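The structure under discussion appears below in the form of structure tokens.
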Amino acid sequence: VQLQASGGGLVQAGGSLRLSCAASGLTFSTYIIAWFRQVTGKEREFVSAITRSGVTTYYADSAKGRFTISRDNAKNTATLQMNSLKPEDTAVYYCAAKVKGSLYSQPSYPYWGQGTLVTVSS
């Protein structure tokens, strides 16, 4: 199983970025996909998650109204569209996959991407 996160970069505050998570080696449509982020020196935190069908999505309060998670099961890809970015969104963003269980529990995710760095300048 491999998850490949991409799309990070440097953007000014108020700008947008689109992160992608490409999956291989698993039946993508049977996995919940989530995004977490980690600021250097801080614990990794939940950002967003999407159910297998894509019908239901979940967001951290910090992401609500600005970020949109989606998935394309035919392409084995999940996306996190991030708008109105703020300097405090600067972090390494990770995608993760699991079959079931609590969306917010990081240890319960067996598969993780390598992370992609998002830097938002003020």
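Keep in mind it's a predicted model, so treat the numbers as computed, not measured. Values below: all heavy atoms of this structure, side chains included; hydrogens, waters and symmetry mates excluded.
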Any idea which heavy atoms bring [X] and [Y] closest together, and the distance?
X    : Y    : answer
L10  : S121 : CD1-CB, 4.3 Å
S16  : N83  : OG-OD1, 2.9 Å
S20  : W35  : O-CH2, 3.6 Å
Y59  : F67  : CE2-O, 3.2 Å
Q114 : L3   : OE1-O, 3.7 Å
S48  : L80  : CB-CD1, 4.1 Å

Measure the spacing between [atom1] of [X] and [atom2] of [Y] and express it to the nearest 0.5 Å.
X    : Y   : atom1 : atom2 : answer
I69  : C95 : CD1   : SG    : 9.5 Å
L17  : L19 : CG    : CG    : 6.5 Å
Y111 : C21 : OH    : SG    : 13.5 Å
K98  : I32 : NZ    : CD1   : 6.0 Å
M82  : R18 : CE    : CZ    : 11.0 Å

Ignoring hydrogens and geometry, is there a side-chain-to-backbone donor-acceptor pair from [X] to [Y] under 3.5 Å?
X    : Y    : result
S105 : S102 : no
N73  : S53  : no
R52  : T30  : yes

Check: Y109 ring centroid to F36 ring centroid under 6.0 Å: yes
Path from W112 to L26 over hydrophobic side-chain contacts below 4.5 Å: no
Taking C-beta and beyond as the side chain, do [X] and [Y] meet within less than 4.5 Å on heavy atoms?
X    : Y   : result
T51  : Y58 : yes
Q106 : Y94 : no
K86  : R66 : yes

Candidates T77, I33, T79 - the one meeting side-chain contact (heavy atoms from CB on, under 4.5 Å) with S70: T79
From T116, T90, D89, residue fulfilling side chain to side chain donor-acceptor pair (under 3.5 Å) relative to R37: D89
